[in-house]
Amino acid sequence: MPELPEVETIVRQLREYGVEGRTIRSVDVLWARTVEPLPVDRFRRELVGDTILRIDRVGKWVMLVLTSGRFLMIHLRMSGSFSTSPGSHDRLVLFLSGEMVLYYRDTRKFGRWKLVEDPSTVLDALGPDALTRDFNLRYFTAVMRGKHRRIKPLLLDQSVVAGLGNIYADEALWEAGIHPERWSDSLEDGELRTLCAAIRHVLRIGIRNRGTSLGKGRTNYRDLKGRSGGHRAEVNAYGRTGEPCKRCGVALERIIVGQRSTHFCPHCQKKT
DNA sequence: GAAGACCTGCTA
DNA sequence: TAGCAGGTCTTC
């Protein structure tokens with residue numbers, strides 16, 4: 001569920017809520033496999049007494065920088081979220097100084113909290129974050145031309161660019177007018193330029209709208225205060241199968257590319 | 001590459 | 001009841 005804009009929204013809210021600077025008084029782990037290293041007792045023992053110096057985001061990872069010099073790396077995967085009040089499907093609870101309590105909620109239990117000495121053990125597997133200067137046209141062109149893969153799965157590959165997920169990949173391709181099954185090394189200079197800009201653009205707009213929420217269920221994206229993201233109304237491609245393209249009016253189609261559901265306009269996004 | 005695994009809940 | 005879901009891993 002959460003892609004870069006949703007994770008960025010959560011990180012900003014955690015900062016605003018005043019999590020930075022708090023000491024971890026206690027940790028409840030309600031679903032053991034959420035944490036690493038195991039066993040749970042060790043994870044808890046290592047964490048208690050440490051202080052959260054800073055909260056950052058890299059790709060879809062939330063990074064808690066601790067004063068001990070260690071790092072708590074959190075990946076929300078499909079349904080992870082934070083809340084300031086308890087609820088069903090809470091998997092971990094952080095009791096912080098000043099009576100603050102943070103609840104980590106994760107219906108599908110895919111999310112992971114990794115306590116590591118060095119963040120590079122996690123981040124080395126990632127390409128540049130999509131919103132940093134390292135993700136630029138020169139880099140993008142080199143990677144696209146250096147591989148012969150369908151463009152859609154390549155955009156989802158976090159070792160190529162960190163932060164895009166299924167929604168924003170479809171949105172970027174729609175905005176750039178590029179068919180999701182195009183080969184990466186077949187894109188013209190102008191198409192690469194447009195797509196590179198579209199990627200950054202759709203992510204920025206997503207952040208501005210505080211993320212995207214689709215369905216209504218418990219697996220749906222919610223921010224720290226339990227609110228849905230506001231980006232839903234501005235989605236152009238994802239989940240709009242059969243609805244008219246906002247550019248040309250032709251009905252959008254859904255296909256499977258790289259085992260992932262993919263939405264596009266057959267008129268605006270030509271295969272050739 | 002593809003398929004299965006990890007999980008629960010919603011929708012048709 | 002079957003199929004689907006915003007993500008990654010592992011194992012063919």
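Side chains are part of it too, since the values below use all heavy atoms of this structure and drop only hydrogens, waters and symmetry mates. Quick note on labels: first sequence line is chain A, next is B, and so on, each numbered from 1.
- For the pair His75(A) NE2 and dT8(C) P, the computed distance is 4 Å after rounding to whole Å.
- For the pair Trp113(A) CH2 and dT8(C) C1', the computed distance is 19 Å after rounding to whole Å.
- Nucleic acid contact class of Arg254(A) (heavy atoms, under 4.0 Å, all strands): sugar-phosphate only.
- Every stem involving DNA chain C, taken as at least 3 paired positions in a row under the Watson-Crick or G-U wobble test at 3.5 Å, is listed here: B:1-6 with C:7-12, B:8-12 with C:1-5.
- Looking at Ser213(A) and Arg222(A), their side chains never bring a donor and an acceptor atom within 3.5 Å of each other.
- One finds a side-chain N or O of Ser261(A) lying less than 4.0 angstrom from the OP1 or OP2 phosphate oxygen of dA5(C).
- Distance check on atom P: dA3(B) versus dG3(C) gives 15 Å, rounded to whole Å.
- For the pair Asp189(A) and Arg145(A), the salt-bridge criterion is met [side-chain N within less than 4.0 Å of a carboxylate O].
- For Lys109(A), a side-chain nitrogen or oxygen approaches OP1 or OP2 of dT8(B) to under 4.0 Å.
- The side chain of Tyr238(A) contributes an N or O atom lying less than 4.0 Å from OP1 or OP2 of dG6(C).
- Phosphate proximity of dT8(C) to Gln158(A): present, with a side-chain N or O under 4.0 Å from OP1 or OP2.
- The phosphate of dG9(B) has OP1 or OP2 within less than 4.0 Å of a side-chain N or O from His89(A).
- Side-chain N/O atoms of Lys60(A) include none lying less than 4.0 angstrom from OP1 or OP2 on dG6(C).
- Applying the 4.0 Å criterion to OP1 and OP2 of dA5(B), one finds that Arg108(A) has every side-chain N and O outside that range.
- Between dT1(C) and dC7(B), the two P atoms lie 23 Å apart (nearest whole Å).
- dC6(B) has Phe110(A) stacked on its base ring, the centres lying under 5.5 angstrom apart and the planes within 30 degrees of parallel.
- The side chain of Arg260(A) contributes no N or O atom lying less than 4.0 Å from OP1 or OP2 of dA5(C).
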